[in-house]
Every structure is written in C-alpha cells, then in structure tokens.
Enquirer: 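Starting off with a structure, shown below.
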Amino acid sequence: MENNDDEITDDEFEDFADEEDSREVVVPGEVLTEDVTNFLPGRGTILNKEKNKIISLNIGLKQIKKNYINVIPLRGFYTPRPGDKVIALVVEKNPVKYKCDINAKDFGQLKPKNTIKKGKIRGFRGGAQLREEVSTEKYEIGDILVVKVLSADRLNKPELTTVGKYLGKKSGGIVITIDPPKIPRVIGRNGSMIKMLKNLTKCNIFVTQNGRIWLKGEDIAHERLLIESVHKIASEAHTIGLTDRMQDYIINEKKKRGIE
Amino acid sequence: MMDVKRIISKIERDYIISNLKKEERIDDRGLWEYRKFQIESNVIASAEGSADVSLGKTRIITGLKYEVGEPFPDLPDEGVCTVMAELLPIASPLFERGPPDEQSIELARVVDRGIRHADCVQTKKLCIKQGVLVYILFVDMYVINYQGNLIDAGAVGALTTLISSQIPEGIWNEKTGEADWTGKYLTGKDIVNELPLAITYGKIEDIIFLDPNLSEELVSDGKISVSVTENKITSIQKSGAATFSIDEVKMLGKKSLEIGKKLRKDLNFLQYQSK
Amino acid sequence: MPLIIKDEYPERLFREDGKRLDGRAINELRPIKMEVGIIPNADGSAYLEWGNNKIFAAVYGPREVHPHHLSKPDKGILRVFYRMATFSVFDRKRPAPGRREKEISMIVSDCIEPLLFLELYPGTSFEVFIEVLDADGGTRCASTTIAALALADAGVPMKSLVSAVAVGKIDGKKVVDLSGIEDKAGEADLPIAITWYNEEISLLQFDGDMDLNDMNEFLDLAKDALKEIHQIQLNALKSKYIKLQEETLKEKEEKKGEK
C-alpha cells in the first residue's frame, strides 16, 4: 500500500513553510495587536472586547494573512474533521461496530457497512465488467487501520470508514506518534520534507492527520534513523531552513552509523 | 512509540518480537543492556534522604522520612525500614488516582524484599533504647514518568536514598526517659551495610531480555526480577503468565550476579554516601 | 535536609541587617525556576522550583471521564488533583489525600476553569495533577501558577495564564512571598492570584488580622510580584522555542559566511 500524502493539499502546509525570518512565538493571553479596526481575530485567537485587543489562545507562531491574525499552534491535540485520513487502533469490537482509538478526545466508530470492499472482475476475452463483490473486511482487536473520518462534530463520536483508496488494514512496519500540530511540517511544502525522508532513509512512510505515522524500512537501523529524524523535525518545526538541515543531519548520521 | 494504552497493536507486537529474535531493539540496545541511569541525590530539602533516578525515560523520585517509636515485640533491639510506592497519575495515562494498586504494591514489595533480605539496612544501629524506642524509616518511591521497568529504577532510588541519608542522632537519656538529640547525624555509612540491586528481565515467547522498556513490558508474556548483592541472590519475583525453564532460571541467576556487579561498579553508590 | 529537629519557631523573622531570615528584602521573591514538557508521557506538563518548593504538574486530556457519571453532555469538565508527597513536609504526611489537599484542588480549579473553553469538549475531561514533592510555604500559589503552565504546554486553548503569590505580614512588616517558616510564624497570610485576561483577582484567601489600609497595601504589593511571576511563566513557555530559533539562525548566518 503506497502512501498518499501527495493527495493532501491544505493551507496548513503553508504554515510551517521555510521562510527567511523566524516567526514570533506567542503564548496564551499574549496581545497580538490592539489595532482592532484593521485586523480580525483568526485561528487560535480571540477578541478581548473589553480591552480592545486580539489575543492568542495557544502557544504558537504568529501569522498575518491578509487582515487576519492567526496563531499556528505548536502544541495541541487532534480534533477529527470529516475527510481526515488517520491511523486507528481497534480497541473493542462487537457485532454492530468497531471501537477505534484515533488519538482524539473520543473513540471513533467503524461500522461494518463502512468496511465493504468493491472489486472489479475481468470478463472472458478481456472485457472488464464491474461487479460488486460485497465482502466486509473483518478486523481484530489490535489491528492498525488507515481510516477516513466520515463525520465528526462536537457532540457525536466520529464515524470512520475503511472504504477508499489507500484505506484499510496495515501489516508490518511500525507506528509512531508525534504532536498533531507538527504533522504538516513532516510533510513539508509540496511534500518536500517527506520526499527527502523517504529517499534518504529508504523507508516507506505514511503520515496522517492525527499525529500517527506508519513507517517501514529495509532494516531496523534505517527505521531507527527515520524515527529519530521525525522526532527532531517535530521539536524544531518552528525554525527556518529545517528541510535543508534535516537533509544534512540524515546524511551525516548515515555516515556515522555506517548505513547507506 | 504507540499510544500508551494497555492494548498494543499487533504491528507493534510483531515488530518487537521479530527484532528481538535478531537481538535488535528500537533503542539500539543489546538483549542484556540497560538503558541509561541518571541519578541525583539530596534533591528534597524536607526529607532526610532522597534520590531522583531515571532509567531511560522511567523516572522515580524517592524520599526518606524517619519517626521514632516502639519496636516490634519480637525484634526489640531493631529499627524498622518500610518501603512504599505510588504510581502517580502524572506518570502515565495508564495510572489512575487512588489507593496503591497491584503494580505499585509489587514495586514496593519487590524493592523492600531486595533490601530486607540483603540485610542492607543495619536495623540494630537504628535502636535508641531496646524494647522502648527505635527509628522507623519510611522510604517512599513516587513514579514521575513510566516507561517500563519500575523495579530496577526503584531499587536504585531506594538504595541511593538510604545511603545518602542523614538522620538526627538520638541517645537514650535514662534520667528523662527520652532521647536526647546530639546534633550529629547517622549517615549512610552507619545505616547501609550492603548494596542490593534488582535486575529485571522480560520474556516474550522464548526470548528473554534485560530492562524492558514500556512497549516491551506491555508486550511481554511475563517478567522476572532477581535481587542481588555482590555475591548473593537475595530475592526473586516472577510475574506474568510466562513460564521459565529450569535452565533459564539458572542462567538468569548467574547473569544477574554478573550484571549486578557491573551495574554496582558503574553507578558507584559510595559517591552518594553521606558523611 | 531539615536543619532543625523540633518544629521550633524562631523569635524574630528579620535579621540584624534588616533582611528576612533567608536574606531577602521585603518585596523580593524567592528564586523561581520553571520548566515545561518535563514529563514525556503527559499531554502537557511543567515543573517548578520556588524556594524549596518542588512541584510537578501534568495535564491529561481531553479524554474520557472516569467514572462516567461525572461527565457532562454539553461541555467538558476540569478536574484538579493536588497531592503532597509523604516526604514533602517536615513531619511525614500520611499518603492518603486529606481535607487541605481537597480544598486546594478546588481553589486551583476555580482559578483555572474560567480560562478554558470547556463547551468545546462535551463529554470529556481535562485532568490536572499537581504533585508537591517538597513544600516550603506558598504551595497553593505555586500550584496554581504551574498548573496554568502545564495546560498551556498541553496546547489547551486558554484566554490567558494566571499567576499567584502569597503576601503577608511578619514581625509587623508587609512582605511578599512567604516562606514556610514565615507562613507559620507570621501574623497574616494572603494568597492571591491574578488572571491576566481581564487582570482581575481569581484566587483570594486571607488568614490573620488587618485593617483596610493593610488590605490596600497588600494588594498593591502583590500586583508587582505577580507581574514578575507572570514574566517567569512566559519565559518558561517560550524560551526553548526561541533558543532553537536563534541557534538555527546563527547556523544559517555562519553557513552564509562560509560561502
């Protein structure tokens, strides 16, 4: 199963783009501006009406886009949104649903109807006939699944599905977890970071929105280097020139550790 | 690694086992290698002795408080040393608030037995007046971060705490029927006699390995802790469903004494001894 | 290590040179050190050394509520648990939580809850665990201060931080940040916290006796100290990020220079 990160395009990847200047680090309660006529409170901010100020709600990087002031959080938990691709761990099952840990405040629900696979069958003489093979995938407790979030809102538990491209059960490899806000940095603008990681460590890597990353390499030494690199990216996500620095780091480490 | 819930994914389990079979571990250790120990003594001002011990990312802070009271009737000339442990809820999403559970009781008891049966604490020196007044030492371990193998970290913490303690010295005054405080202190040299260590192994299928980290511990079928002094085995605790062959146990006994010797040398406890 | 065997109170709380017993001036804070992200397993965490106080705070959440009947369908709940280690005080404390710990848990929770947006997380809980490993006066203030930091470290959206300090009267003089001995032997003790969102008082207690004049002076004395403490909190949150930014900028300059 190949990874699919090239499909994900999101404004968020702009947030951690390599820039010339470091962005300002702000904290909860910090005043971002008192000019409330020209600026509007964006992501991660709030208007303090009494004091006429826009303040940050998170620890993060200050960003001004058009006339919105945003704060890109450096720490935080994953909030499921419809369309997200995430890595789930099956923790319970009963005849009507699988209960999945998706690293969010609620467990996700995967119902059997959302695990139905369709298959194509070629007819005799090469003419393709689309025939629906209605088979449900059966999962066990402890399975790692790549799922898509069908629906999620404030009050209801997220609904998941394994029907779709690149979705379904994973076998082999290992899953690690990083801070969800750092995921865009691991992918990089236009996938630059993740492509570099894949090429240099010769690992398959699949990054999802809930902070979980599946990876598989040719041996544990490569996997170890990749895991350490990912953690390094996460802790330095707010710095400039990260992609180049990570490239140097990995090349040096490969030499030091005697791997190619 | 994976989220810290009791359910470990099959992928992780397979990954750990297949690598262990090749004698590989994700943190680049061999099967008989410890993670890094970091020790600091005298970290708690309110305690008579204390230690902050990390084994890899497992971190335990231990403190010693003393009281004076009546000895046990069957041991009238001996002080008492008791060990307690709390798996603080800060340390892991797996730990809940509340009274000590099985895991914290196991930690306390295994460390306690390792110390007791090594005659580590010189309880006869902790007697102020036979049958009337003795020292009661409370060694309390608090787990700050849990990443596997609490027992070995706890044993090192308890030992460092005891050896670095300074307990006010009391001398019995026959006239007043009370203890007079001399203003001097009983030190680690007076209190500690032996340097017992706990050596813990995990077992998955038929592979045995030293110092399980959290993922390895959650995947393990069982574990075994062997407490050792320089030349003797003083206590053993096997837990979990796994079984060990007689040869395996013999091998572990021998290995534990070797590993214990090396660890004791590497950690050099005498540097923490109070004067 | 305790210097005295019996719990004796010194006769005077000021030295010959006019300084307090630990050498401080009347408006001086004890040395304070704060660090975030100190417990790898927690969603957010912070560690504080304040004089001899040593306190860990860890946040877990949002997560399921145990026991389930405490969960609210329309909003999340905040639970604060303040505990002291047996060896944190001079006379060994019993391990089980007592009434004082429950009271402090409630006070800290009352301070912090208004800063959060709990309605965004129905049916779940945020749990803040505060563990005092070494206590020396002012633990409820230190705990409030460090709990706010741990929540910020967890990435929980907050309107602002909150900072707390205890002011009081010793030997007739008003001082800032009472140490353990000053708290026990002094005449008045006023723990106070300010929430920076609206710059209003969110924690206030008092024991002792004072007149109206005293009260005004206490509040003014506290405000300056609280600003100082707030600055320490902000530095603790930002410093590791800023340090890295500066380091990488320097590296980049050096590389440019080489070329």
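By convention in this document, chain letters (A, B, ...) are assigned in the order of the sequence lines, proteins followed by strands, and residues within each chain are numbered from 1. Because the structure is predicted, anything quoted here is derived from the model rather than measured.
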Enquirer: In terms of heavy-atom proximity below 4.5 Å to chain C, should D179(A) be classed as side chain, backbone, both, or neither?
Expert: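 Neither the backbone nor the side chain of D179(A) comes within 4.5 Å of chain C.
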Enquirer: Restricting to salt bridge (Lys or Arg N to Asp or Glu O under 4.0 Å), what partner residues turn up for E253(A), sequence neighbours left out?
Expert: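 So E253(A) forms a salt bridge (Lys or Arg N to Asp or Glu O under 4.0 Å) with K256(A), R257(A).
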Enquirer: K238(C) vs E24(A), test: salt bridge (charged side-chain N to carboxylate O under 4.0 Å, His left out). Steps then yes/no.
Expert: CA-CA 10 Å; K238(C) 291 195 201 190; E24(A) 192 187 337; 5.2 Å; no
Enquirer: Might you point out which heavy atoms bring I240(A) and K252(C) nearest each other, and give the distance in Å?
Expert: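 Closest approach of I240(A) to K252(C), heavy atoms only: CD1-CD, 3.8 Å.
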Enquirer: Around L155(A), counting heavy atoms of other residues, nucleotides and ligands shown, do more than 12 lie under 6.0 Å from its CG?
Expert: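 It does: L155(A) CG has more than 12 such atoms within range.
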Enquirer: A154(C) versus chain A, heavy atoms under 4.5 Å apart: side chain, backbone, both or neither?
Expert: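 Just its backbone gets close to chain A.
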Enquirer: With no hydrogens and no angle check, is any side-chain donor or acceptor of R75(A) less than 3.5 Å from a backbone partner on D43(C)?
Expert: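 Yes: the side chain of R75(A) pairs with the backbone of D43(C).
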Enquirer: How are the rings of F77(A) and F126(C) set relative to one another: parallel (under 30°), tilted (30 to 60°) or perpendicular (over 60°)?
Expert: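 Correct class here is tilted.
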Enquirer: Should the heavy atoms of other residues, nucleotides or ligands under 6.0 Å from NZ of K33(C) be counted, would the total exceed 12?
Expert: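 Atom NZ in K33(C) is not crowded, with 12 or fewer foreign heavy atoms closer than 6.0 Å.
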Enquirer: Counting heavy atoms not belonging to Y68(A), are there more than 12 under 6.0 Å from its OH?
Expert: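 No, the 6.0 Å shell around OH holds no more than 12 heavy atoms from other groups.
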Enquirer: Does any backbone or side-chain atom of Y60(C) lie under 4.5 Å from a heavy atom of chain A? Answer side chain, backbone, both or neither.
Expert: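 Interface part for Y60(C): neither.
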Enquirer: Taking Q245(C) for its side chain and R23(A) for its backbone only, find out whether a donor-acceptor pair lies under 3.5 Å.
Expert: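 Such a contact is found between Q245(C) side chain and R23(A) backbone.
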Enquirer: Taking everything shown except K148(A) itself, do over 12 heavy atoms lie less than 6.0 Å from its NZ?
Expert: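 Check fails, neighbour count at 12 or below.
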Enquirer: Of the backbone (N, CA, C, O) and the side chain (C-beta and beyond), which part of D153(C) lies under 4.5 Å from a heavy atom of chain A, both, or neither?
Expert: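 D153(C) touches chain A through backbone and side-chain heavy atoms alike.
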Enquirer: What pairs of donor and acceptor atoms, side-chain ones from residues 130-150 of chain C against any protein atom, are under 3.5 angstrom apart with sequence neighbours left out?
Expert:
unit_1	atom_1	unit_2	atom_2	d
D134(C)	OD1	S46(B)	N	3.1
D134(C)	OD1	S46(B)	OG	2.6
D134(C)	OD2	A45(B)	N	2.5
D134(C)	OD2	K54(C)	NZ	3.3
D136(C)	OD1	G180(C)	N	3.2
T139(C)	OG1	Y82(C)	OH	2.8
T139(C)	OG1	R100(C)	NH2	3.3
R140(C)	NH1	E103(C)	OE2	3.3
R140(C)	NH1	Q205(C)	OE1	2.4
S143(C)	OG	T139(C)	O	2.6
T144(C)	OG1	R140(C)	O	2.8
T145(C)	OG1	C141(C)	O	2.8
T145(C)	OG1	A164(C)	N	3.2

Enquirer: Given 3.5 Å as the limit, does a donor-acceptor pair link the side chain of R154(A) with the main chain of E119(C), or not?
Expert: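 Yes, the answer is positive, given that a donor and an acceptor are paired below the 3.5 Å cut-off.
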